Amino acid sequence: MNQEQRKFPCVYMRGGTSKAVFFRKEVLPKDEREWPEIFMKVMGTPDVKQIDGMGGTVSSTSKIAVISQSSKPGIDVDYHFFQVDIVIPRVDDSANCGNISSAVGPYAIDEGLVGAVEPITVVRVFNTNTGKVIEEHVRVKNGKACVNGDAVIQGVPGSGSRIDMFFEDPAGAKTGKLFPTGQKKEVLDVPGYGKAEVTMIDCSNPVVFIKASDLGIQGTELTELNSNQSVMEHIERIRGLAALKMGFVTDYMKARTDATSAPKVSIISPAQDYKNMDGNTVKKEDMDLCVRAISVGMLHKAYPMTVAVATGAAAKIPGTIVSDLLGDHADDTVRLGHSSGVTGVTMKMNGEKVLQGGVVRTARRIMDGFVYIR
């Protein structure tokens with residue numbers, strides 16, 4: 001064994017459609033300024049292949065979660081999320097990841113941070129990125145989080161044990177306001193492209209919604225979108241302008257390096273038939289909206305759960321471009337047709353106040369042991 005390497009105990013987990021390396025806070029250096037360098041080495045960043053680390057070359061598999069016992073009343077564990085960029089040496093903790101959040105409950109139970117109560121253990125998680133609480137209902141057997149079950153989520157093969165997640169009071173996660181600019185929709189003048197009508201919302205995470213028609217696309221595109229340089233540049237300029245208006249940067253061009261995770265981007269279009277990532281046909285009657293997410297400059301191969309909550313909120317509030325597109329929708333659940341299939345998000349509203357967003361996920365421990373860095 002090369003003793004020049006450093007090692008840290010960790011757990012590698014899938015949460016929803018993402019994967020992350022989980023660390024207990026106490027095993028990391030007390031000086032948190034050292035963490036970004038460690039996390040980049042863990043993932044193998046910067047390198048498009050991430051060949052010298054555990055990253056999987058896409059944003060959904062280049063993630064870190066740091067967990068600690070919470071001292072807050074009514075909270076079991078604190079959880080901080082880090083998005084590790086791939087091609088640039090940057091670690092961004094400006095936003096949360098809803099999919100990775102779903103693995104925090106099972107992790108906390110299996111690590112003994114929360115006492116297991118059969119058949120369902122409720123784990124209350126405080127996300128320190130956003131200052132918001134996520135309640136997770138985890139199926140438990142023999143003192144451990146269940147893995148096997150009949151819950152199916154689009155973007156993950158097979159089935160798993162159902163985890164019910166509730167994002168509590170998700171509005172204003174980063175900016176303190178549901179609509180950071182005070183407007184439900186507005187028109188941005190995009191340099192080199194012209195005008196685009198958008199909705200900017202901060203609900204679980206900051207998100208800018210763009211109509212596919214304003215980008216000159218159908219809205220059913222998959223990974224081929226990544227190679228359409230003109231459209232991807234159009235999206236990034238809109239995202240940069242949104243980052244500026246939301247207060248994350250002082251120059252919209254700096255969002256490319258200084259605010260890579262906030263805001264997220266959702267491209268919306270009417271319900272329509274399309275082929276998903278597995279080549280299967282998704283029928284328009286099975287969805288309420290067709291959506292695509294852009295994460296760290298690339299198409300997300302499913303749909304981030306925090307973006308799903310934001311989409312559900314925007315769909316339920318009159319005057320947003322999402323609500324305009326959806327029209328009257330009495331059902332509390334909004335069905336979102338994304339790159340891998342259809343995911344439902346159930347919104348609990350009091351008028352235009354967002355009380356809660358609920359989603360179903362699965363998660364599992366993939367490996368545990370030590371990660372080595374040099």
Side-chain angles (χ1 to χ4, degrees), residues 59 83 85 87-88 90 92-96 129-130 170-219 221 225-269 289-300 303-304 306-311 313-315 317 319-325:
S59 66
Q83 178 71 60
D85 276 270
V87 297
I88 64 172
R90 176 174 168 78
D92 190 349
D93 68 344
S94 63
N96 182 27
N129 304 78
T130 60
K174 288 300 291 182
T175 64
K177 297 178 181 179
L178 180 61
F179 295 102
T181 68
Q183 305 295 319
K184 293 180 181 177
K185 60 184 173 186
E186 53 196 288
V187 176
L188 300 180
D189 191 359
V190 186
Y193 289 92
K195 298 186 183 303
E197 188 177 44
V198 303
T199 285
M200 291 174 276
I201 195 170
D202 181 3
C203 189
S204 240
N205 261 334
V207 180
V208 56
F209 292 96
I210 313 168
K211 290 178 285 189
S213 56
D214 280 353
L215 296 170
I217 60 176
Q218 184 69 24
E221 289 79 3
L225 198 59
N226 295 331
S227 58
N228 190 328
Q229 294 182 2
S230 177
V231 171
M232 293 302 285
E233 178 63 22
H234 193 179
I235 292 168
E236 182 56 31
R237 291 187 186 190
I238 292 173
R239 197 187 73 83
L241 291 171
L244 175 63
K245 282 185 165 285
M246 287 177 157
F248 300 132
V249 292
T250 55
D251 177 345
Y252 86 98
M253 291 294 287
K254 289 186 176 180
R256 300 165 191 262
T257 55
D258 297 350
T260 53
S261 293
K264 305 289 187 185
V265 173
S266 175
I267 302 166
I268 59 170
S269 58
L289 289 167
C290 185
V291 295
R292 296 291 184 268
I294 303 297
S295 177
V296 195
M298 297 184 72
L299 177 90
H300 195 286
Y303 202 64
T306 54
V307 180
V309 172
T311 307
I317 298 173
T320 70
I321 67 168
V322 184
S323 178
D324 289 350
L325 183 63

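Source: prediction; values computed, not measured. The chain is numbered in sequence order, starting from 1. What's counted below: heavy atoms across the whole structure, side chains too, no hydrogens, waters or symmetry copies.
Here the CD1 atom belonging to Ile210 is positioned 8.0 Å from the CD1 atom belonging to Ile321, to the nearest 0.5 angstrom. Taking OG of Ser59 as the start and CG of Leu299 as the end, the distance is 9.5 Å to the nearest 0.5 Å. Atom-to-atom distance recorded for Leu215:CG and Ile238:CD1 is 5.0 Å, nearest 0.5 angstrom. The OG1 atom of Thr181 lies 11.5 Å from the CG atom of Leu244; values are rounded to the nearest 0.5 Å.
Pairs passing the salt bridge (Lys or Arg N to Asp or Glu O under 4.0 Å) check and including a residue from residues 201-211, sequence neighbours excluded, read Glu197-Lys211. Within the structure, salt bridge (Lys or Arg N to Asp or Glu O under 4.0 Å) contacts touching residues 239-254 (residues at least two apart or in different chains) are Glu186-Lys245, Glu236-Arg239. Residue pairs meeting the ring pair (Phe, Tyr, Trp, His ring centres under 6.0 Å) criterion with at least one partner in residues 184-215, sequence neighbours excluded, are Tyr193-His234.
With sequence neighbours left out, Tyr252 forms a ring-ring contact (aromatic ring centres under 6.0 Å, His included) with no residue at all. Scored by the side chain to side chain contact (heavy atoms under 4.5 Å, CB included) test, Ser269 finds Ala212, Gln272, Cys290 as partners (sequence neighbours excluded). Take Glu233 and apply the salt bridge (charged side-chain N to carboxylate O under 4.0 Å, His left out) test, not counting sequence neighbours, and it matches Arg237, Arg256. For Met232, the side chain to side chain contact (heavy atoms under 4.5 Å, CB included) partners two or more places apart in sequence, or in a different chain, are Leu225, Asn226, Ile235, Ile294. Partners of Arg292 under the salt bridge (charged side-chain N to carboxylate O under 4.0 Å, His left out) rule, at least two apart in sequence or in another chain, do not exist in this structure. For Asp324, the salt bridge (charged side-chain N to carboxylate O under 4.0 Å, His left out) test picks out Lys185, with sequence neighbours left out. Residues satisfying the side chain to side chain contact (heavy atoms under 4.5 Å, CB included) test with Thr320, not counting sequence neighbours, are Phe179, Lys184, Thr199, Ala314, Ile317, Val322, Ser323. By the salt bridge (charged side-chain N to carboxylate O under 4.0 Å, His left out) test, Asp214 is found to be paired with no residue, residues two or more places apart in sequence or in another chain being considered. Ala242 meets the side chain to side chain contact (heavy atoms under 4.5 Å, CB included) test with Met200, Val208, Pro263; sequence neighbours excluded.
When all heavy atoms of Lys174 and Ser94 are compared, the closest pair comes out as CE-O, 2.8 Å. Closest approach of Ala262 to Ala243, counting heavy atoms only: O-CB, 4.1 Å.
Two residues are said to be in side-chain contact when any heavy atoms from C-beta on lie closer than 4.5 Å; Ile88 and Thr260 meet this criterion. Here the side chains of Thr175 and Phe248 are in contact, with some heavy-atom distance below 4.5 Å. Val296 has its side chain within reach of Asp85: a pair of non-hydrogen atoms, C-beta onward, lies under 4.5 Å apart. Within the 4.5 Å cutoff, side-chain heavy atoms of Leu241 are placed close to those of Pro191.
When the options Asn205, Val207, Thr311 are evaluated for a side-chain contact (heavy atoms from CB on, under 4.5 Å) with Thr306, the one that passes is Asn205.
Counting only N and O atoms by type, the side chains of Asn96 and Thr130 include no donor and acceptor under 3.5 Å apart.
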